[in-house]
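Presented below is the structure to which this report refers.
Along the sequence shown, residues carry numbers from 1.
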Amino acid sequence: MKKLACVLALTSAFASFDAAAWGRDGHKAVGAIADKLLKGSNAQKQIQALLLPGETLESIANWADCVKGTYCGPQTQEMLDYVSGNPKHSAYHYTDVPFQLEKYHDHGVGTADEDIVQTLKQCIAVLQGKTDPALNPHKFTKRQALILLTHFAGDIHQPLHVGAAFVSKDGKFVVPKTHAEVDETAIFDSRGGNNLLLDGAKVSALADGLIGPGEPVPVREGVPKALTKPFHSYWDSTTVDYAFRRIQTKTPAQFAEVAIAGNPQVAKASGDPITWPYQWADDALVAAKLAYADVVPGKLTQQTSKKGETYYTFSLEVPQNYPVPSSAIAKTQLIKGGYNLAAILQAIFPDKA
């Protein structure tokens, strides 16, 4: 297969970090699917008891990202209290298992006590009414647990939020046996794909030809257009845009309607619900292997951040048809996220006999 060489064109020695998996529309789509699937159930009643009037899973789906700054609007007291009580909250959104591995294991390379699998377990335990402090070290309330579960059920289905890429100095994807091997000399951490850079214009041109042009992107006055796009950002938001475009939907609610109408066959996790995050993570590793298929790191470039810190980036080569398979994976994972969110809430709050 021919590959498109995505050459680095760095003009500012600073790589942006985007940890908002699926972007706003993607997370809302996951919430909207669950809202529709749960309509009329006992789970919906229990959810509404924890939400404020007018709130839905769709409307709260981005709350856990919004607490990171003011880009969603002014911080509420609830947000400020959560951030104050959870200084490591940014780490709750992902884990860094090498994408080549088959399963997530506690204490395995790339995992952490505050990662997405462990945090989801805590949210589920709280909603189940379990009060053992060991199961809830962050002292989540039931409302917080629901809000976080809604968001992280989306995050864990984004392939790059589970499957991480580690790159050798000679530009090959490798599997470190321990995280200590990731020394930024022989093995480099791609930071969830943020340090793997695509030529954004070339990928957009490919998508316009393969998928069809999307809505014009507003030009922000005084802000230069970025010449490169982090691979993580591509998977967070660009693939969602492509997935929406391919089924001719423009809003999360429309995407949810079309997705459910297609009667997708989503396998439900089994066993104790508190084990489901492990099963979701293992499934995400399967998707991550597909996301990295035929993707090849290129030249390593040393960079200096605005804080004066040194880091390293790699250019990428991706297949010429990459927008097609990547958007298909994103569509599948968004739908899985919505169905699995609904399923876990039904398992926690079953219908009464």
CG-NE2 distance between Leu334 and His27, expressed to the nearest 0.5 angstrom: 9.0 Å
Heavy atoms of Gly31 and Leu57 approach each other most closely as O-CB, 3.8 Å
So Leu345 and Leu149, side chain to side chain contact (heavy atoms under 4.5 Å, CB included) or not? Walk me through it. CA-CA 9 Å; Leu345 288 168; Leu149 173 63; 3.8 Å; yes
Say you draw a straight line from CD of Gln122 to CG of Leu135; how long is it, rounded to the nearest 0.5 Å? 8.5 Å
If I compare all heavy atoms of Val67 with all of Ala64, which pair ends up nearest, and what's the gap? CG2-O, 3.2 Å
Taking every heavy atom of Val295 against every heavy atom of Pro297, the minimum-distance pair comes out as O-CD, 4.1 Å
Is the shortest heavy-atom distance from the side chain of His232 to the side chain of Tyr94 under 4.5 Å? no
Is the closest basic N to carboxylate O distance between Lys28 and Asp25 below 4.0 Å? no
Mind running side chain to side chain donor-acceptor pair (under 3.5 Å) on Asp81 and Gln77 for me, showing each step along the way? CA-CA 6 Å; Asp81 291 343; Gln77 190 59 49; 2.8 Å; yes
Taking only residues at least two apart or on different chains, which pairs with a member in residues 67-102 satisfy disulfide (SG to SG under 2.5 Å)? Cys66-Cys72
So, do Trp22 and Thr239 sit near enough that their side-chain heavy atoms are less than 4.5 Å apart? yes
Using 4.0 Å as the upper bound for N to carboxylate O, is an ion pair formed by Asp208 and Arg245? yes
Counterpart residues, side-chain contact (heavy atoms from CB on, under 4.5 Å), relative to Thr238 (two or more places apart): Lys229, Tyr234, Tyr242
Any salt bridge linking Glu55 with Arg143? Criterion: basic side-chain nitrogen under 4.0 Å from a carboxylate oxygen. yes
What are the two closest non-hydrogen atoms of Pro323 and Ile211, and how far apart are they? O-CD1, 3.8 Å
Looking at Lys299, is its backbone amide N or carbonyl O close enough to the side chain of Ser315 to form a donor-acceptor pair, meaning the two atoms are under 3.5 Å apart? yes
Side chain to side chain contact (heavy atoms under 4.5 Å, CB included), that's the test. Do Thr150 and Val30 meet it? Break it down for me. CA-CA 8 Å; Thr150 300; Val30 169; over 6 Å; no
Are Leu80 and Tyr82 connected, step by step, through hydrophobic side chains (Ile, Leu, Val, Met, Phe, Trp, Tyr) whose heavy atoms are closer than 4.5 Å? no
Please answer whether the main-chain N or O of Lys307 pairs with a side-chain N or O of Ser305 as donor and acceptor at a distance below 3.5 Å. yes
Where Leu196 and Ala165 come nearest, the two heavy atoms and their spacing: CD1-CB, 4.2 Å
Does a donor on one side chain sit under 3.5 Å from an acceptor on the other, for Gln118 and Lys121? yes
Could you tell me whether a side-chain N or O of Asn136 sits under 3.5 Å from a main-chain N or O of Lys139, the two making a donor and an acceptor? yes
Should Leu160 and Val286 be counted in the same cluster of Ile, Leu, Val, Met, Phe, Trp and Tyr side chains packed under 4.5 Å apart? no
Roughly how far, to the nearest 0.5 Å, is CD1 of Ile47 from CG of Leu50? 8.0 Å
Please check this pair: side chain of Asp115 against backbone of Ala112, looking for a donor-acceptor N/O pair closer than 3.5 Å. yes
From the list Leu316, Thr301, Thr313, side-chain contact (heavy atoms from CB on, under 4.5 Å) with Leu197 holds only for Thr313
Side-chain heavy-atom pair Lys336, Tyr339 within 4.5 angstrom cut-off: no
Please set out all donor-acceptor pairs under 3.5 angstrom arising from side-chain atoms of residues 261-274, sequence neighbours excluded.
residue: Gln265; atom: NE2; partner: Asn263; partner atom: O; Å: 3.0
residue: Asp272; atom: OD1; partner: Ile274; partner atom: N; Å: 3.1

Shortest non-hydrogen contact from Gly163 toward Tyr292: O-CE1, 4.1 Å
Please confirm whether the backbone N or O of Lys202 pairs with a side-chain atom of Asp199, one donor and one acceptor, at under 3.5 Å? yes
Starting from Phe166 and following side-chain heavy-atom contacts under 4.5 Å between hydrophobic residues (I, L, V, M, F, W, Y), which residues can be reached? Val174, Val182, Ile187
Can you tell me if Asn42 uses its side chain to pair, donor with acceptor, with the backbone of Lys352 under 3.5 Å? no
So does Phe152 get a backbone contact from the side chain of His93, meaning a donor-acceptor N/O pair under 3.5 Å? no
Is there a side-chain contact between Ile335 and Lys331 in this structure, where contact means two heavy atoms from C-beta onward sitting under 4.5 Å apart? yes
What is the distance from atom CG of Asp236 to atom CG of Asp155, rounded to the nearest 0.5 Å? 8.0 Å
Is it true that a side-chain atom of Ser168 and a backbone atom of Lys172 form a donor plus acceptor pair closer than 3.5 Å? yes
Quick check: does any side chain N or O of Ser233 sit under 3.5 Å from a backbone N or O of Pro230, one acting as donor and the other as acceptor? no
With distance as the sole test, does Asn195 use its side chain to make a donor-acceptor pair with the main-chain N or O of Arg191 at under 3.5 Å? no
Phe188 and Tyr311, any side-chain heavy atoms less than 4.5 Å apart: no
For the CE atom of Met79 and the CD1 atom of Ile147, what is their distance to the nearest 0.5 Å? 8.5 Å
Going by an N to O cut-off under 4.0 Å, is there a salt bridge joining Glu114 and Lys88? yes
I'd like to check Glu309 versus Thr304 (side-chain heavy atoms, cut-off strictly below 4.5 Å). Are they in contact? no
When the ring centroid of Trp63 is compared with that of His151, is the distance short of 6.0 Å? no
Are His105 and Thr111 side-chain neighbours, meaning at least one heavy-atom pair lies under 4.5 Å? no
For His138, which residues count as a ring-ring contact (aromatic ring centres under 6.0 Å, His included) partner, sequence neighbours excluded? Tyr92, Phe140
Run the numbers on Glu58 and Ile33 for side chain to side chain contact (heavy atoms under 4.5 Å, CB included), then give the verdict. CA-CA 8 Å; Glu58 178 183 353; Ile33 289 171; over 6 Å; no
Trp280/Asn340 under side chain to side chain contact (heavy atoms under 4.5 Å, CB included): CA gap, chis, key distance, verdict: CA-CA 9 Å; Trp280 296 344; Asn340 285 334; 3.6 Å; yes
Measure the shortest side-chain to side-chain distance between Ile124 and Ile348 over non-hydrogen atoms and say whether it is less than 4.5 angstrom. yes
In this structure, CD of Gln333 is separated from CD1 of Ile329 (nearest 0.5 Å) by 8.0 Å
Salt bridge (charged side-chain N to carboxylate O under 4.0 Å, His left out): which pairs involve residues 96-107, sequence neighbours left out? Lys103-Asp282
